Amino acid sequence: MTTHYQAQGDVALLLLDNAPVNGLNWQTRQQCFEHLQTALADPAIKAIVLTGAGKAFCGGADIKEFGSAKALQEPNLLSLIIALENATKPIVAALHSVAMGGGLELALACHYRMSAPGCQIAMPEVKLGLIPGAGGTQRLPRVLGVEAALNLIVSGEGVMSERLNMVPGQKLFDKLATSAETLVDEAIDFAREVASDRPLPKVRDLPMKHPQADAYFQFAKNMVKNSPQAKNLPAPLIAIEAIRQGTLLRFDQGLAHEREQFLNLMWTPESRALRHLFGAQRNASRVPDLDKDTPVRTIQEVGIVGSGTMGSGIAMNFLMAGIPVTLLDSSQEALDRGLKTLSTYFEDRVKKGKLKPEKLQAMMKALKTTIRYEELSPCDLVIEAVFEDMGVKAQVFKQLDACLKQGAILATNTSTLDVNKIAAFTTRPSDVVGLHFFSPAQVMKLLEVVRARETSKEVLATVLALAKKIKKIAVVSGVCDGFIGNRMIEQYSRQAGFLLEEGCSPEQIDAAIERFGFAMGPFKMSDLAGNDIGWAIRKRRYQETPEMKYSTIVDTVCELGRFGQKTSAGWYDYQPGKRDALVSPVVQKCLEDFRAKHNLKVRKITDEEIVQRLVFSLVNEGARILQEGIASKASDIDMVYITGYGFPIFRGGPMHYAHEFGLLNMMGAMHRFAQNPKDDALFWRPAELLNTWVKEGRTFADF
Ligand code: NAD
């Protein structure tokens, strides 16, 4: 049973009980509907209380049903809502913990609402590329006023019940309960108080108006159009329009307009992408061979070796999560630099009002620094972030092995080195794991967890649980050069080099991929990271894998010492202290000279070709990564690209994009690119997995 019925004297209690958040799948809706009929038919019952068991009143519709016939099967959310609203006995919704989306719409159909303190109220549909589809855009403005409701619906963010209770004239809550524990009893008492009230109040009968409607809605639309969150996403503007229509139309007409827009949005690629990512994020921590009940170790103290760019950023994550940190470096000067980076960042947050001074004080108290390995001995986890050099890593891991207690986890933040080899420097390779943070480590959401050959399941489960505590999205990768993210980006950068040879300018390539939705094109990204980093990797490749063709055109700017923003010159020119990328005549000339010297023919390349070549380079390598078992799910690759590489959210990640584009179409395009004499046909050889899938009619969504 996912909904229970309990008669408490003359009040019937309907309890949603569908863990984890009482999602409204068909079974839950049907049982709720049946229990409602039972309560209405029983003459001894005078009023009804609707509430949720466990950690939520109700988290809303069941996203797994979206787009399927099950979502429409009777009783669907709309018919359940109508049944509640038209009930002949008063219904009190007793809200606690979370009332979101469809759950909030359910509550709005009840005659009265009561909330426990600290209940998070939200209409998060825009985060899935949708608008509320069961009356939310029509009922919420009637109880909160147009402006407060619009802010909730368009942002998708949660607001605490106490705050909404302060909105002047609000009719969302009839009462606030004293506590979550006493909520149900108080709601039952309240239900008895209102048992004989007639007519029963309905939200739909309240007026929905704004005194300066035209000006206000225009203002709201302008704000949304220019906001980065709403860029490329249709739902926020459509939500505003649905609310506007609600101020003009009769309730039922407004509802019909909302429904039509909701159903249209359900089929948009943007909503499909956002729903895919919602599932991808949930599934990222689910590893196929890792049982849910795998024991996890307690992590109460963390050590970090290396207090440079990464080490200091990594330390901030743990301090912010309330976990004490000991930072070790080889000299006091290096530690002082690390401490300065860390305190400057935190102090800046205090100045901006984003961090309380007391919290800063507590964090600085929880931070120790040292140059002696023995002081790491109490740590449950130590993360190494020293220079990217196998010799240095060997030295560090041997020392850690010698001083850490049994059961401690030894992690490396290496970007390129073999974690199996690093593990072999210790006598406990099953306790070694890669934790690949992205820079700036205190900001970037992505954490690649590198599972080495001997990493134990317990260690893996522990770091995955820990990632949640420090608010990272962890994706598990096997050991390979570059792991998931950097291995794929290398192919993307190689392709960008070929495009330069064929006549594209860096700014044309950047602009095309930015219009596609990337936060930054490959050349701006390289200027930001430092062009010397990619150059060093290429030089290694020229030696180690001479069969892999690179365009040396990309080395020419490095040979001029143009390493990017840090040298005020890279693929673009930069004015001192500014980050604006200005087209560089020096680079233009350098590229022209290279093409002339190598007798390269140039041609006009469309934006469409640029985008396809860059994105399909990612996808083809992503397919190899899946094939080799480096990633266990295509959606993990999408998570890596969305959270770590600025891939446009509304496109759902490279693998989802390829799925939407159609694998057969993509393979056709790759085949055409392989005919291009300037390209390496080897580059476009499809991953075996792609060939098999196309033959079997399968796609990434099956993976
Ligand atoms: P960094 O040069 O800024 O810092 C390295 C720190 O390690 C320095 O403070 C140095 O004094 C210290 N160190 C060197 N040898 C040591 C030793 N034997 N014992 C103790 N401390 C020692 O380097 P970084 O950019 O922070 O990179 C650190 C690691 O993180 C590297 O493995 C790198 O590949 C990886 N990484 C870097 C980035 C990035 O964007 N910078 C991103 C992901 C991963």
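One-based numbering, in listed order, for ligands and for the atoms of each. Everything numeric in this text was worked out from a predicted model, so none of it was measured. By convention here, the first residue in the shown sequence is residue 1.
- Contact annotation for Thr416 and ligand 1: no heavy atom of the residue comes within less than 4.0 Å of the ligand.
- Partners of Arg349 according to the side chain to side chain contact (heavy atoms under 4.5 Å, CB included) rule, which considers only residues two or more places apart in sequence or in another chain, are Tyr345, Lys354, Leu355.
- Ion pairing between a basic and an acidic side chain is recognised when a charged N comes within 4.0 Å of a carboxylate O; Arg297 and Asp431 show such pairing.
- Both the backbone and the side chain of Ser415 come within 4.0 Å of ligand 1, judged by heavy-atom distances.
- Arg428 and Glu454 are not joined by a salt bridge, as no carboxylate oxygen comes within less than 4.0 angstrom of a charged side-chain nitrogen.
- Partner of Phe518 under the ring-ring contact (aromatic ring centres under 6.0 Å, His included) criterion, chosen from Tyr492, Tyr645, Tyr641, Phe650: Tyr492.
- With respect to atom 2 (O) of ligand 1, the closest heavy atom belonging to the protein is Phe387 CE2, 3.4 Å.
- Of the candidates Gly485, Ser331, Gly308, Ser439, Gly308 brings a heavy atom nearest to atom 4 (O) of ligand 1.
- Under the ring pair (Phe, Tyr, Trp, His ring centres under 6.0 Å) criterion, Phe397 pairs with no residue at all, not counting sequence neighbours.
- Counting heavy atoms under 4.0 Å from ligand 1, residue Arg337 does not touch it at all.
- Between Trp535 and Phe563, the ring planes are tilted. Angles from 30° to 60° get that label.
- The heavy atom nearest to atom 41 (N) of ligand 1, considering only Met310, His436, Gln399, is found in Met310.
- For the pair Arg579 and Tyr574, the cation does not sit on the ring face, since its NZ or CZ is not both under 6.0 Å from the ring centre and inside 45° of the axis.
- Of the charged side-chain nitrogens involved, none lies within less than 4.0 Å of a carboxylate oxygen, so that Arg562 and Asp532 do not count as a salt-bridged pair.
- Every N/O-N/O distance between Leu328 and ligand 1 stays at or above 3.5 Å.
- Annotation for Gln361: atom CD does not count as buried by contact number, only 12 or fewer foreign heavy atoms lying within 6.0 Å.
- Among protein heavy atoms, atom 10 (C) of ligand 1 sits closest to Asp329 OD1, 3.4 Å.
- Close approach to Thr414 involves these atoms of ligand 1, each under 4.0 Å from a residue heavy atom: 32 (O).
- If you look at Lys393 next to ligand 1, the close heavy atoms, those under 4.0 Å, all belong to the side chain.
- Of the protein's heavy atoms, Glu388 OE1, 2.5 Å lies nearest to atom 32 (O) of ligand 1.
- Salt-bridge check for Glu688 with Arg624: failed, with every basic side-chain N at 4.0 Å or more from each acidic carboxylate O.
- Between Lys539 and Glu544 there is no salt bridge, since no side-chain N of the basic residue sits under 4.0 Å from a carboxylate O of the acidic one.
- Stacking of Arg538 on the aromatic ring of Tyr550 is not recorded, the 6.0 Å distance cut-off and the 45° axial limit not both being met.
- The proximity of Val305 to ligand 1, defined as any non-hydrogen pair under 4.0 Å, is limited to the side chain.
- Compare Ile371, Asn486, Val386, Asn413 by their heavy atoms: the one nearest to atom 7 (O) of ligand 1 is in Val386.
- When non-hydrogen atoms are compared, ligand 1 lies under 4.0 Å from the backbone of Phe437 (N, CA, C, O) but not from its side chain.
- Proximity of Val396 to ligand 1, defined as any heavy-atom pair under 4.0 Å, is confined to the side chain (atoms from C-beta onward).
- Listed by number with element, the atoms of ligand 1 under 4.0 Å from a non-hydrogen atom of Val392 are 15 (N), 18 (N).
- Here is the list of ligand 1 atoms found below 4.0 Å of a heavy atom in Ala334: 11 (O).
- Less than 4.0 angstrom separates atom 23 (O) of ligand 1 from none of the non-hydrogen atoms of the protein.
- Heavy-atom contacts of Tyr373 reach the following atoms of ligand 1: 19 (N) (cutoff under 4.0 Å).
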